[in-house]
Amino acid sequence: MSEILASAYEPKNVEAHWRKHWEDEHVFTPDPQAPGEPYSIVIPPPNVTGALHIGHALNLTLIDVLIRHARQLGKNVLWVPGTDHAGIATQNVVERALARENLTRHDLGREAFVERVWGWREEYGHRILDQIASLGCSVDWTRLRFTMDEGLSRAVRRVFVKLYEEGLIYKGDYIINWCSRCHTALADDEVEHENVHGHLWQVRYHVLDSDTDIIIATTRPETIPGDTAICVHPEDSRYTHLIGKYAVLPVLGRKIPIIADSYVDREFGTGALKVTPCHDHNDWMLGKRHNLEFIQVIDENGIMKSESGPYVGLTKEECRKQIVHDLEERGDLVGVSDLDHAVGHCYRCHTVVEPHVSTQWFVATTKLAKEARDAVPNLTQILPETWQKTYYHWLDTIRDWCISRQIWWGHRIPAWTCQECGQILVAEEDPTVCTKCGSSKLLQEEDVLDTWFSSSLWPFSTMGWPDETLELRRWYPTSVLITGFDIIFFWVARMMMLGLHFMHEVPFKHVYLHALVRDAEGRKMSKSTGNVIDPVVMIEKYGCDALRFTLTAFAAMGRDIRLSEDRIEGYRHFINKLWNAARFTMLNLGGEAPTPCDLGIISGVHHEWILHRLEEAKQNVRKALADYRFNDAAQTCYKFLWAEFCDWYLELVKPDMQSQDAVRKNAAKYVLYTVMREFLILLHPITPFVTAEIWQAMPVVAGEDVPELAKAAYPNERPDCLKPAQAAKMEFLQGVIVAVRTIKAELGISPGKKVHLLLQPVGDEQTSLIKANENLILTLARLEDLQVVFDHAVPKASASAVVQGCQIVVPLKGTVDLAQELARLDKQLAKLEKNLINVNKHLNDPNFLQKASSEVVERDRKLATELLDNQAKLLNMRERFAKALEETD
RNA sequence: GGGCAGUUAGCUCAGUUGGUAGAGCACCGCCUUCACACGGCGGGGGUCGUAGGUUCAAGUCCUGUACUGCCCACCA
């Protein structure tokens, strides 16, 4: 398509073109029967209500990097895309829309409401998918799934029924977390604890048959009507004599027992605790343990029930005020103090969560949790490893999982109660008659399942389970799960539990938990703070590749990413640099692929050097990605392209391109061509669009069948191009060139001004190297001429430097300030001196000589001689220069 | 209360088995050099939070400590 062209890369059309091509041609749809080691990842399904945020962008970029890289390695690769129905979140969105029409879901009724949500999903649910595509994600769109599509719903039912039959799902009364706004139960981890400024009231309870009182401390006086005991520590001498007696509930006058339990903290408050089993998780536990009465006094709307006596009908907030007032009046309020304490909030709507006793469905987790725990780290490895502990801790202290939600959008619980005989039926297919009494009066449960229930099946439900599909056989377990650490409990641990239970195999071999993306100040990005960086806007402004490269470059393991727009802009420069390096390459190739030659025996130290570096880069990128060191992979690419290929090689190859020697010219072209092409492959997983565009504009050897870049194999290693010795020679030449440039810059000689250069190399190797590469030095150092000389021929008034023993001399004419050169030399000498002192500290230490490895000692010795030699030469030149100065004075 | 991270150049961060501190951005100076000013060349800048310990040698290992952040948790 495009010839290579504009001097600035324009991402928009390029991205649109490749995206369409990849989708239309099903480039990323694998064949389960195809050869190659299987490699699979399931997408962490974004909420169907969602819009792509920067966290998704990071997550998806990292997955795509691995996926594209795995394809390059010849694996049979599947990336399953999809979305999550997100029960509460989606229901909230639709309810808000209804509210604008002055309607509630109850006005519509369940069926119409659910239909409305489906409609909403049809209309808006594709936005996030479109955004995933715009990120360049190489997912297989033919295998797109949704947690409520037909297949996944079948999987959900199968799992529910099986677990029920195994006794791992049960229905029971339990104290759960109740959000009175969402009007549903919440699982423990859907509750966010936040410190809230509150009060601690001290209340007097009179002890029956005694003349003493007991003072308890509470943060929630409105629950006093629900008290069914007072609890003290069994060894608390202040209270031991009261254990077994009864106290009188203030205001209500009910009689409650005084019990003892070591759960009580003697240090806190008064050491005596009021127990309200229906309105506090711990009190619930105490109530169970001591067989206390359970009296619910607050209903699911936050209104006081009749059990609260005089407070019936008040909201819990009103009740608190009233009861405090009443206590005060009666003289039973002993004191009030300030207290900051943690209060649970709904993670969806941030309403204060009320512990509430109700009938719910639970998954018994003890057995499942143990299996999930034991699988790590042998079968599944969690990275960074530090999260392993967190994972263990959660599973070790896990409580049964409350899976019922009192909302309408979700998988309805497949359980029916017979209206005639009370029999509970749980079945995959909707039953028509009661299995016990034959009645057809069956009533299905109103509740739906926790969204995470279906998400927990994702790795196998998306592959067609419970059918035995080719996909499952080929790609389960998945290779790796990439997700944020914030859902390690919600999702990762539960996938482990259910995956192991139903597939008898872990759902993934690795779990890579990436960081959170924060703003430049380290704050969490949120709409309310107004500090969000919108990936869609960033793609629009800087191009997708710039965004992807930035995210990859910052994805160091175990660390949060502080992102700011500047950085994305900065990496756009890198993309542009690549673009221009490619333009240069194309221009010089002249639209034709060069004739291949044997790169292992190519002559020219610059060629050998860049080929050597390319081999290193190939190894580094591959190794980095195998270890999930994304930032290292990006860094390697950045450095290779900019600091080596562009800054040096492209300059070095220019003289070759001007050459009349056809063989030399072709060899240079072929190296240029090869390095560019292989580098495009290395970079492609990180920046797929720009690399694909350049790749396909590159000339091709006639008759050669070159695949598009997305299908190109990772370049083979070329061991005969690994030449550290040759690379070192290049480094010497670079040193000489830099030395001349530095002299010019520091002495205020215009860089364009051509100067004479005298070199006094040490040894034949340096001498011949310089002679062989004279043109190269002339060009890059911008010289008038270059001479290899000996001491006596060196003009006294010269600037000088030493590189690996080779003396570098630039004769100065009267135009420069000679004193500056003296200062410059002194600076160099000071540096040398410092290094020498350091090395000698080692070499003068007998312990070092004796105990350090011989390699290290040898290296230091060599270094010391080198430094000493350089110092001597520099000193010598300084002396002569000083003399010259005197003479001119 | 427990656990886990982080603390390295002005800023954001690398630093894989311990062997003379690195990058990008920012900054300073020079340069309209025929791929690129989204550029080129050169330069300045760090006693690696702090106190100890192990070692011939510590940013790197161990212990204590300070600060910041995160997670978990039943202090009513």
Side-chain angles (χ1 to χ4, degrees), chain A residues 4 7-9 189 193 200 216-220 223 231 263-265 267-276 280-283 285-286 339 341-342 384 386-387 389-390 393-394 397 485-486 488-489 516 518 520 522-524 542 546 553-554 556 558-564 566-567 569-588 623-624 627 629 631-632 635 638-639 642-643 646-647 650-651 654 738 741-746 748-752 779 782 834-835 837-839 841-842 845-853 855-857 859-860 863:
Chain A
I4 284 238
S7 69
Y9 171 59
D189 48 15
H193 291 273
L200 190 63
I216 60 90
T218 180
T219 54
R220 303 198 55 202
T223 63
C231 190
Y263 155 75
V264 175
D265 179 354
E267 308 299 317
F268 189 86
T270 59
L273 168 71
K274 73 183 202 58
V275 184
T276 320
D280 184 279
H281 292 282
N282 304 296
D283 293 5
M285 174 269 293
L286 286 173
L339 180 76
H341 61 137
T386 158
W387 287 104
K389 247 189 188 169
T390 311
H393 181 255
W394 189 75
T397 57
F485 60 76
D486 48 330
I488 182 169
F489 308 132
L516 227 58
R518 300 174 174 280
R523 295 171 305 182
K524 223 167 175 168
Y542 304 107
F554 280 99
R559 210 166 160 144
D560 283 351
I561 298 175
R562 292 194 183 193
L563 192 68
S564 70
D566 303 355
R567 301 191 209 300
E569 193 182 352
Y571 282 117
R572 180 183 58 166
H573 299 175
F574 173 73
I575 305 296
N576 196 58
K577 189 75 178 174
L578 170 66
W579 182 255
N580 279 289
R583 283 177 68 221
F584 174 87
T585 305
M586 305 295 186
L587 284 171
N588 282 288
K623 212 165 162 294
D627 297 342
R629 286 180 287 112
N631 57 325
D632 283 348
Q635 213 86 233
Y638 190 99
K639 207 174 163 190
W642 205 316
C646 290
D647 286 352
L650 294 188
E651 297 304 320
K654 280 175 183 173
V738 168
R741 286 173 179 169
T742 308
I743 286 170
K744 282 192 188 178
E746 294 197 335
I749 299 168
S750 163
T779 315
R782 300 186 148 240
K834 210 177 114 191
N835 289 344
I837 290 172
N838 273 331
V839 182
K841 226 187 287 173
H842 286 172
D845 182 352
N847 277 325
F848 173 76
L849 297 175
Q850 196 190 334
K851 294 185 179 168
S853 76
E855 279 169 30
V856 172
V857 174
R859 213 186 44 203
D860 273 7
L863 183 63

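Just so it is clear: chains get the letters A, B, ... in the order the sequence lines come, proteins before strands, and each one is counted from 1.
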Checking all strands, does [X] fall into the base, sugar-phosphate, or nothing category for heavy-atom contacts under 4.0 angstrom?
| X | answer |
| --- | --- |
| A/Cys646 | base |
| A/Tyr9 | nothing |
| A/Val839 | nothing |
| A/Glu569 | nothing |
| A/Asn835 | base |
| A/Arg741 | sugar-phosphate |
| A/Leu849 | nothing |
| A/Asn588 | nothing |
| A/His393 | sugar-phosphate |
| A/Arg220 | nothing |
| A/Leu516 | nothing |

Between [N] atom [atom2] and [X] atom [atom1], what is the distance in whole Å?
| X | N | atom1 | atom2 | result |
| --- | --- | --- | --- | --- |
| A/Arg859 | B/A57 | CZ | C1' | 12 Å |
| A/Trp579 | B/A37 | CH2 | C1' | 19 Å |
| A/Leu273 | B/A76 | CG | P | 10 Å |
| A/Trp642 | B/C41 | CH2 | P | 10 Å |
| A/Arg629 | B/A14 | CZ | P | 13 Å |
| A/Trp394 | B/A73 | CH2 | P | 10 Å |
| A/Asp566 | B/C11 | CG | P | 15 Å |

Whole-Å [atom1] distance, [N] and [M]:
| N | M | atom1 | value |
| --- | --- | --- | --- |
| B/C4 | B/G40 | P | 46 Å |
| B/G49 | B/U7 | P | 7 Å |
| B/C25 | B/G39 | C1' | 16 Å |
| B/G10 | B/G44 | C1' | 12 Å |
| B/U17 | B/C34 | P | 46 Å |
| B/A35 | B/U47 | P | 43 Å |
| B/G1 | B/C61 | C1' | 30 Å |
| B/U20 | B/C13 | P | 27 Å |

Of the listed nucleotides [options], the one nearest the side chain of [X]:
| X | options | value |
| --- | --- | --- |
| A/Glu651 | B/C36, B/A5, B/G43 | B/C36 |
| A/Asp647 | B/C31, B/C41, B/U20 | B/C41 |
| A/Glu746 | B/C41, B/G43, B/U12 | B/G43 |
| A/Asn576 | B/U20, B/C38, B/U12 | B/C38 |
| A/Val738 | B/G24, B/C72, B/G42 | B/G42 |
| A/Asp265 | B/A14, B/A76, B/C36 | B/A76 |
| A/Phe489 | B/C72, B/U20, B/A14 | B/C72 |
| A/Tyr263 | B/C74, B/U20, B/C41 | B/C74 |
| A/Lys654 | B/C56, B/C4, B/A35 | B/A35 |

Please tell me which of A/Val264 and A/Thr397 maps to the more 5' nucleotide of RNA chain B, matching each residue to the nucleotide holding its nearest heavy atom. A/Thr397

Nearest-nucleotide 5' precedence on RNA chain B, A/Asn631 against A/Ala217: A/Asn631

With respect to the phosphate group of [N], does any side-chain polar atom (N or O) of [X] fall under 4.0 Å of OP1 or OP2?
| X | N | value |
| --- | --- | --- |
| A/Lys577 | B/G40 | yes |
| A/Lys389 | B/C4 | yes |
| A/His573 | B/G39 | yes |

Would you mind pulling out the nucleotide paired to B/C67, Watson-Crick or G-U wobble, both distances under 3.5 Å? B/G6

B/G24 pairs with which nucleotide, Watson-Crick or G-U wobble, both distances below 3.5 Å? B/C11

Between the side chain of A/Asp627 and the main-chain N/O of A/Arg629, is any donor-acceptor distance below 3.5 Å? no

Does A/Tyr571 have its ring centroid less than 6.0 Å away from the ring centroid of A/Tyr638? yes

Which atom pair, heavy atoms only, marks the closest approach of A/Phe848 to A/Val857? CE2-CG2, 4.0 Å

Taking all non-hydrogen atoms of both residues into account, name the closest pair between A/Asn580 and A/Ser7 and its distance. ND2-O, 3.0 Å

